[in-house]
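In this chain, residues are counted from 1 in sequence order. In each ligand, atom 1 is the first atom listed, and ligand 1 is the first ligand listed.
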Amino acid sequence: MSAVLKTSDDQAPLVSLRNLNKHYGDFAAVDNINLDIRDGEFLTFLGSSGSGKSTTLSMLAGFETPTSGEILVNGQSLVKVPPHKRDIGMVFQRYSLFPHLDVRANIAFPLTIRKLAAADIEKRVDAMLKLVQLEPFAHRRPAQLSGGQQQRVAIARALVYEPRILLMDEPLGALDKKLREDLQDELRHLHRRLGITIVYVTHDQEEAMRLSQRIAIFSHGRIVGLGTGSDLYQAPPNAFVASFLGNSNFLRATALNAQQVMFEQQPLHVPAQAGRHTGQQVLLMVRPEQAQLLSVEQASEVPLPAGSNEISARVEEVVFLGDSLTYSLVTAGGSRLSLKALSVAATVQATGSEVRVRWQVAHTCVYHDWDDSDLLKGAGSH
Ligand code: ADP
Ligand code: MG
């Protein structure tokens with residue numbers, strides 16, 4: 001059986017970006033990107049505005065020329081191949097449809113120029129109209145459609161000839177939430193059915209998580225994290241990714257030894273890591289839902305389990321969010337923490353009360369880059 005099962009890591013990449021750069025004067029919009037894209041995967045570029053996502057995608061599509069570096073598809077350089085010969089479909093946030101053609105003819109266009117048989121065109125266009133829920137609008141012109149409907153036509157038009165690679169740059173950004181979620185589900189199912197490779201751009205982390213098999217996190221023209229949504233969330237490779245993806249608590253501490261750090265005059269256990277030296281300043285990261293809140297009485301009754309840390313704090317604010325509660329806490333040393341508890345399980349700790357916070361050592365991430373203020377400054381602006 002193991003001979004048949006192959007992980008995608010064994011496959012040669014479909015697309016490789018090698019030392020890819022795009023400079024505008026002195027400014028590096030794309031700063032030395034290296035990335036392998038697997039055949040058939042759904043990969044998303046996620047990052048805040050201006051981080052270089054669209055520029056990278058445009059170089060892949062052929063609308064921008066790299067300042068330096070290579071783009072390889074199946075090992076062949078694409079850099080000199082014109083856009084229409086790349087077997088790549090593209091959907092932009094604002095896609096210009098042909099204003100004089102109706103919806104049906106717009107979607108049919110890529111098939112018409114490829115001279116498919118009329119019956120085949122009919123069949124494929126019907127399937128696309130159904131997919132994007134535009135059957136009743138088949139004979140309208142773009143000007144008679146809402147922005148969201150126009151974008152669905154653009155998506156259908158890019159997909160109708162089933163290109164090997166589909167590039168999508170914030171294609172759902174103009175749609176309302178419900179329709180966006182429906183189309184996210186449709187896109188995911190469609191990707192699974194067609195088996196095409198999709199490279200998708202968004203600044204919306206939830207959208208990235210919902211759609212993608214892997215996410216590349218962009219910051220200042222560089223890829224600063226690459227992996228599945230779950231890997232990037234559970235074990236962020238750096239403090240920037242930790243703060244960009246989801247909510248995070250950061251505690252500044254000083255390394256004592258391989259397995260302990262000092263936080264506000266209190267020793268805490270951390271996962272062992274090679275190369276950490278005594279006196280080194282480190283940043284601990286704990287997710288708000290990974291920490292447990294106890295009253296002082298509860299903490300005195302339940303001994304601290306092995307492999308856990310405990311610190312004292314005071315409740316500053318409790319916010320009820322329906323399915324969950326968010327606590328804002330402050331420690332004696334002035335560090336701030338946010339904790340999330342399911343409302344069904346929670347005994348509410350009142351504002352002002354002294355509490356104990358516990359979390360498992362295994363759920364602690366340790367970073368050595370906390371004085372790299374740039375990393376944290378860029379976060380949270382999305
Ligand atoms: P994103 O898609 O992540 O929002 P872009 O790739 O569009 O970011 O842009 C990255 C950076 O490059 C931005 O700072 C943008 O202003 C700059 N940029 C993009 N295109 C040009 C251009 N034609 N001339 C100068 N600067 C540009
Ligand atoms: Mg963009």
- Query: Does D231 pair with R214 as a salt bridge, N-O distance under 4.0 Å?
  - Reply: no

- Query: Can you tell which of S54, G25, G52, G50 gets a heavy atom nearest to atom 7 (O) of ligand 1?
  - Reply: S54

- Query: Is NZ or CZ of R114 both nearer than 6.0 Å to the six-membered ring centre of Y161 and within 45° of the ring axis?
  - Reply: yes

- Message: Taking backbone and side chain together, does S54 place any N/O/S atom at a distance below 2.8 Å from the Mg ion (ligand 2)?
- Response: yes

- Task: Could you tell me whether K123 and D126 make a salt bridge, using a distance below 4.0 angstrom between a side-chain N and a carboxylate O?
- Result: no

- Message: With the threshold set strictly below 4.0 angstrom, can you tell me whether any protein non-hydrogen atom sits that near atom 22 (C) of ligand 1?
- Response: yes

- Message: For atom 9 (O) of ligand 1, what is the closest protein heavy atom, and at what distance to 0.1 Å?
- Response: T55 OG1, 3.7 Å

- Message: Any nitrogen or oxygen of K53 lying under 3.5 Å from a nitrogen or oxygen in ligand 1? Just yes or no.
- Response: yes

- Message: Under 4.0 Å from atom 16 (O) of ligand 1, can you find at least one protein heavy atom?
- Response: no

- Message: Could you tell me, atom by atom, which parts of ligand 1 come under 4.0 Å of a heavy atom of S51?
- Response: 1 (P), 3 (O), 8 (O)

- Task: Considering only NZ, NE, NH1 and NH2 on the basic side and carboxylate oxygens on the acidic side, decide whether D31 and K22 come within less than 4.0 Å.
- Result: no

- Task: Run the ring-centre check on F45 versus Y200 and record whether the distance is less than 6.0 Å.
- Result: no

- Query: Is the closest heavy-atom distance from S49 to ligand 1 below 4.0 Å?
  - Reply: yes

- Examine V361 and L337 and state if one hydrophobic cluster contains both, with Ile, Leu, Val, Met, Phe, Trp and Tyr joined whenever side-chain heavy atoms are less than 4.5 Å apart. no

- Item | Nearest protein heavy atom with distance in Å, relative to atom 26 (N) of ligand 1 | Y24 CD1, 3.4 Å

- Distance from atom 12 (O) of ligand 1 to nearest protein heavy atom, with residue and atom: A29 CB, 3.2 Å

- Query: Is any NZ, NE, NH1 or NH2 atom of the basic residue among D39 and R164 found under 4.0 Å from an Asp or Glu carboxylate oxygen of the other?
  - Reply: yes

- Query: Can we say D36 and R18 salt-bridge, meaning some charged N sits less than 4.0 Å from an Asp/Glu carboxylate O?
  - Reply: yes

- Query: When you look for heavy atoms under 4.0 Å from ligand 1, do you find them on the side chain of F27, its backbone, both, or neither?
  - Reply: side chain

